[in-house]
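Here's the structure, in structure tokens; my notes come after.
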Amino acid sequence: MSLSTQPETGEDQNILVATLDNVRNLSNILKAIHFKDHATCFATTNGLKVTVENAKCLQANAFIQAGIFQEFVVQEESVMFKINLSILLDCLTIFGASSSPGYRRLLSLLTSGTQTALRLCYQGYGYPLTLFLEEGGVLTVCKIRTQEPEELLDFDFCSTNVVNKIILQSEGLREAFSELDMTSDVLQIIMSPDKPYFRLSTFGNAGSAHLDYPKDSDLIEAFHCNETQTNRYKISLLKPSTKALALSCKVSIRTDNRGFLSLQYMIRNEDGQICFVEYYCSPDEDITAAEI
């Protein structure tokens with residue numbers, strides 16, 4: 001009997017139920033925002049949003065649409081709770097996470113060629129998040145304590161205040177992170193309707209390094225720059241986003257009139273479905289183009 005049809009005790013008491021035939025479609029997305037232990041989960045009928053924050057300067061959001069799940073039921077207008085993301089990921093990958101080589105060999109024989117199915121249930125405030133994981137007929141039940149969510153940062157990143165936007169194939173940004181000097185404290189981003197159009201710069205131990213992309217580059221799919229902006233962002237804050245970058249096929253890079261940065265990664269899962277991970281980062285230092 002599959003998890004999606006298996007009756008569970010107290011099923012009618014759950015305010016959130018979600019099932020997946022392949023748990024990797026969820027765990028991979030959550031790994032892309034796993035740079036702090038705790039996350040806030042927010043569920044509506046549209047899907048699930050998981051948020052992680054750091055130092056009041058960085059926020060990451062993973063958006064998993066309801067259509068990704070084989071079943072997604074929310075009994076209230078919205079459901080919100082805080083959870084230990086590290087523990088959640090350990091549970092989601094439990095069939096491949098045992099440190100015992102003998103256990104892994106046995107499990108691989110039992111579950112060879114199969115996927116891990118997930119049924120996620122939550123009864124509401126004060127209750128744990130219950131995970132039913134099944135692979136090759138082996139069923140594991142995990143219960144994770146939930147906490148009252150704290151107020152999240154509001155970066156007030158409104159589309160009407162967006163000044164510049166570039167949609168880039170992810171391989172272009174991966175190339176940049178591999179070529180620039182990551183010993184630099186900051187990454188400087190210039191976005192402009194005129195040359196250099198899109199420039200990434202670092203200022204590390206080996207000196208300054210620049211990488212330019214012309215607006216007609218094969219890697220750029222959309223170029224909408226209204227004015228020249230030069231902003232710097234702490235590389236220590238941007239490094240966590242490279243997890244999402246590694247999984248993504250496209251990235252939307254936006255800056256608003258305050259210099260706040262939005263990196264929205266489009267990620268295609270193993271079933272060909274699309275999810276999004278978005279990072280918001282506050283600028284470290286604003287400088288004018290005349291200072292370059």
Side-chain angles (χ1 to χ4, degrees), residues 24-40 49-64 85-86 88-90 92-93 153 155 157 164-191 198-206 208-213 217 219-222 231-255 259-270 274-285:
R24 282 197 299 270
N25 290 336
L26 177 62
S27 62
N28 285 343
I29 297 297
L30 295 182
K31 287 175 184 176
I33 60 168
H34 182 215
F35 57 88
K36 286 290 184 180
D37 280 341
H38 290 87
T40 299
K49 181 176 80 168
V50 183
T51 301
V52 179
E53 295 181 338
N54 181 29
K56 303 297 182 183
C57 297
L58 178 69
Q59 183 184 90
N61 297 288
F63 301 93
I64 305 102
L85 182 58
S86 299
L88 175 59
L89 283 169
D90 284 345
L92 293 177
T93 57
L153 293 173
F155 277 81
F157 198 96
N164 295 315
K165 175 182 177 180
I166 294 173
I167 298 177
L168 184 72
Q169 292 182 26
S170 294
E171 63 183 274
L173 201 56
R174 287 194 288 266
E175 173 190 2
F177 279 115
S178 66
E179 292 188 6
L180 294 172
D181 188 350
M182 292 295 110
T183 65
S184 174
D185 290 332
V186 296
L187 174 70
Q188 179 175 282
I189 300 178
I190 298 178
M191 300 172 75
F198 181 45
R199 169 178 286 180
L200 303 175
S201 303
T202 53
F203 313 92
N205 297 335
S208 301
H210 307 284
L211 192 60
D212 292 349
Y213 296 86
S217 167
L219 294 172
I220 292 180
E221 297 195 3
N231 296 294
R232 291 183 175 184
Y233 307 92
K234 286 187 181 295
I235 282 185
S236 60
L237 294 177
L238 294 178
K239 277 184 177 178
S241 73
T242 58
K243 294 181 179 181
L245 176 62
L247 295 171
S248 67
C249 52
K250 296 180 184 180
V251 55
S252 169
I253 304 169
R254 298 181 297 162
T255 52
F260 280 66
L261 175 68
S262 162
L263 297 170
Q264 188 179 73
Y265 298 97
M266 187 175 83
I267 298 173
R268 194 181 306 275
N269 68 25
E270 294 181 2
I274 298 297
C275 295
F276 292 93
V277 169
E278 186 163 37
Y279 277 79
Y280 292 115
C281 186
S282 60
D284 180 56
E285 174 183 311

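The main-chain N or O of Leu238 is found under 3.5 Å from a side-chain atom of Ser241 such that the two form a donor-acceptor pair. Of the possible polar contacts, none joining the Thr202 side chain to the Leu180 backbone as a donor-acceptor pair under 3.5 Å is found. Judged purely by atom type and a 3.5 angstrom limit, Lys243 uses its side chain to pair as donor or acceptor with the backbone of His34. Without hydrogens or angle criteria, Tyr265 side chain to Ala32 main chain gives no donor-acceptor distance under 3.5 Å.
For Gln59, the side chain to side chain donor-acceptor pair (under 3.5 Å) partners at least two apart in sequence or on another chain are Glu53, Asn61. The salt bridge (charged side-chain N to carboxylate O under 4.0 Å, His left out) search around Lys31 returns none, not counting sequence neighbours. For the salt bridge (charged side-chain N to carboxylate O under 4.0 Å, His left out) test, no residue two or more places apart in sequence or in another chain qualifies with Glu171.
For the atom pair CG of Leu211 and OG of Ser178, the computed distance is 8.5 Å after rounding to the nearest 0.5 Å. Note that SG of Cys275 and CG of Asn28 are 10.0 Å apart. Values are rounded to the nearest 0.5 Å.
Residues Ile235 and Leu187 come closest through the heavy atom pair CG1-N, 3.6 Å. Taking each heavy atom of Lys49 and Phe63 in turn, the nearest pair found is CD-CE2, 3.3 Å.
Taking 4.5 Å as the limit, some side-chain heavy atom of Gln188 sits within range of a side-chain heavy atom of Phe203.
Side-chain rings of Phe157 and Phe260 stay apart, their centers remaining 6.0 Å or farther from each other.
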